[in-house]
Colleague: 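Can you read through this structure? Questions will come right after.
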Protein chains: 2
Amino acid sequence: MRDTAAVGCSVREIRSLVVELNKRMDAHQRGRSAEFDLTPTQAKALEELGQPKTARELAAVLCCEPPNVTYVMDKLEKRGLVVREPHPQDRRAKRLVLTDAGRELRLELLRRIGSDSPLDHMSHEERVVLRDQLARALDGA
Amino acid sequence: MRDTAAVGCSVREIRSLVVELNKRMDAHQRGRSAEFDLTPTQAKALEELGQPKTARELAAVLCCEPPNVTYVMDKLEKRGLVVREPHPQDRRAKRLVLTDAGRELRLELLRRIGSDSPLDHMSHEERVVLRDQLARALDGA
DNA sequence: TATTGTTATACTCTATAACTATA
DNA sequence: TATAGTTATAGAGTATAACAATA
C-alpha cells in the first residue's frame, strides 16, 4: 500500500492553518499596538529597542532596509520616545536609544500584549506541543 | 505556586515561530509561483479557478476587494490563461473561466507546489500533530 | 574603497469612491 | 434601490539609487 501521508493532512491544509493563525496573531498585535497609536512596525521597533541599537542592527531584526528604519525612527523621535545619539565607537553610526517616555511606553505595551492573546484558551501542555511541533517544522532549513 | 505557563513557552515565542513558519511557506510559495512568472496572488487565483467563479466569489476566497480581482484578472487574461464569460443567470456578473492553457498551467503549478515543501522532513505523524495543534489554536475564535 | 544613515524616488499591493449596466 | 464589475485614484509599506560623512 502506498504512503497516504497526504490524506486528511496535506501540506496545503497545514499551510492554510499557519496562514490563518498568523493572520489572527497579526490582527491581535495590530490591535494592541493601535491602542498606543503605534503601527505594528513601530511597536516592534519599540520592543526591540529594549537594548540600544544602530539603525542597521534594527533593520536586521525588523527584516527591512535602512531607509525604513529612518522612516519609523522619525515618527518615534517626533513623539519623544527615542533619540538618535552619536555612536561612541563609530562616528558614522547612531545609537538609537529609548527616552524615559519610550521605556515606559514599551513596558506598558509589553504588559498589554502579554495580558491576552489568541492562545489564551490553550492549556500549558497544548502550547508546549504546539511550540515543539512548530520548532520541528522549522528544523528543515 | 503560581502558574508558570509562560516559562519557556511564552505566547511571544509561539508567535515568532508562527511568523517564521509563515514566512518560510510564503517564500516557498512565492518561489514556486515565480517559476511560472506568477505572483503569489495570481497563483492563488489560478488555483482557486479549478471551478469557474464570479469576480466577487474569487474576491471572497482571496480575501481582497473586487478591484484587486479585476487587477489580477487583467494580467491572467492578457496571458491567455483565463477568460471572462457572460454569466448565464446574471447579466451583470461574469464567469471567470480558465482556458485550456490556464488549466494546463494550473495543473503544472499544483504538481510543482506539491513536489516539495518546507514540511517534507516531517513524518506523517508529526504533521498530524502539527495540524491538530494548529486547529486547536484556532479554536478560540 | 567600503560603510553608515539619510534623502529622494519608485514600485507593489490594497483600499475607497464614482461610474455603468444590469437586477 | 441594490448589486456586479470596472475605472480612477489614493494610501500604506517597502525597495532602490544617489549622496555626505566617516571608516
Colleague: If the cut-off is 4.0 Å, is B/Thr70 near the phosphate of D/dG5, judged by side-chain N/O to OP1 or OP2?
Modeller: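 Answer no for this pair, as no side-chain N or O of B/Thr70 is under 4.0 Å from OP1 or OP2.
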
Colleague: Going from CG on A/Asn68 to OG1 on A/Thr41, what distance comes out if it is rounded to the nearest 0.5 angstrom?
Modeller: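 One gets 8.5 Å once the value is rounded to the nearest 0.5 Å.
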
Colleague: Look at B/Lys94 together with B/Glu85 and state whether they make a salt bridge at an N to O cut-off of under 4.0 Å.
Modeller: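 No, no charged N to carboxylate O under 4.0 Å.
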
Colleague: Please check if B/Leu110 and B/Met25 belong to a single hydrophobic cluster, counting links between Ile, Leu, Val, Met, Phe, Trp and Tyr side chain heavy atoms closer than 4.5 Å.
Modeller: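 No.
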
Colleague: Which nucleotide in the list C/dT14, C/dT16, C/dT6 gets nearest to the side chain of B/Pro67?
Modeller: C/dT16

Colleague: Examine C/dA23: is either OP1 or OP2 under 4.0 Å from a nitrogen or oxygen in the side chain of B/Arg91? Give yes or no.
Modeller: yes

Colleague: Which nucleotide in the set C/dG5, C/dC13, C/dA23 lies at the smallest distance from any side-chain heavy atom of B/Asp90?
Modeller: C/dA23

Colleague: Within the structure, does a side-chain N or O atom of B/Asn68 lie under 4.0 Å from either OP1 or OP2 of C/dA15?
Modeller: yes

Colleague: What is the distance from NZ of B/Lys94 to P of C/dA23, rounded to the nearest Å?
Modeller: 13 Å

Colleague: With respect to the side chain of B/Arg84, which nucleotide from D/dT6, D/dA23, C/dT14 is positioned closest?
Modeller: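 Taking heavy atoms from C-beta onward, the closest nucleotide is D/dT6.
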
Colleague: Which of the following nucleotides, C/dT14, C/dG5, D/dT6, is nearest to the side chain of A/Arg56?
Modeller: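 Among the listed nucleotides, the one closest to the side chain of A/Arg56 is C/dG5.
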
Colleague: If I take atom NE2 in residue A/His87 and atom C1' in nucleotide C/dT3, what distance separates them, rounded to the nearest angstrom?
Modeller: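 Taking atom C1' of C/dT3 as the reference, NE2 of A/His87 is at 13 Å.
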
Colleague: Choose from D/dT14, D/dA2, C/dT4 the nucleotide whose nearest atom is closest to any side-chain atom of B/Arg92.
Modeller: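 Of the options given, the side chain of B/Arg92 lies nearest D/dA2.
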
Colleague: Return the 5'-most residue of the pair A/Gln89, A/Thr41 with respect to DNA chain D, ranking by each residue's nearest nucleotide.
Modeller: A/Thr41

Colleague: Nearest whole angstrom, please: distance from the C1' of C/dT6 to the CD of A/Glu77.
Modeller: 13 Å

Colleague: How many Å lie between CD on A/Glu65 and C1' on C/dC11, as a whole number?
Modeller: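 To the nearest whole Å, that distance equals 14 Å.
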
Colleague: In whole angstrom, what separates B/Glu57's CD from D/dT3's C1'?
Modeller: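 Whole-Å distance recorded here is 14 Å.
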
Colleague: Considering only NZ, NE, NH1 and NH2 on the basic side and carboxylate oxygens on the acidic side, decide whether A/Arg103 and A/Asp100 come within less than 4.0 Å.
Modeller: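 Between A/Asp100 and A/Arg103 there is a salt bridge, with a charged N closer than 4.0 Å to a carboxylate O.
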
Colleague: I need the CG-P distance between A/Leu62 and D/dG13, as an integer number of Å.
Modeller: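 Interatomic distance, CG of A/Leu62 to P of D/dG13: 13 Å.
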
Colleague: Using atom NZ of B/Lys53 as one end and atom P of D/dG5 as the other, report the distance to the nearest whole Å.
Modeller: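 Nearest whole value for this atom pair: 13 Å.
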
Colleague: Taking all atoms of both residues into account, what is the closest heavy-atom pair of B/Glu47 and B/Arg106, and its distance?
Modeller: O-NE, 3.0 Å

Colleague: Using atom CG of B/Asp26 as one end and atom C1' of C/dT12 as the other, report the distance to the nearest whole Å.
Modeller: 14 Å

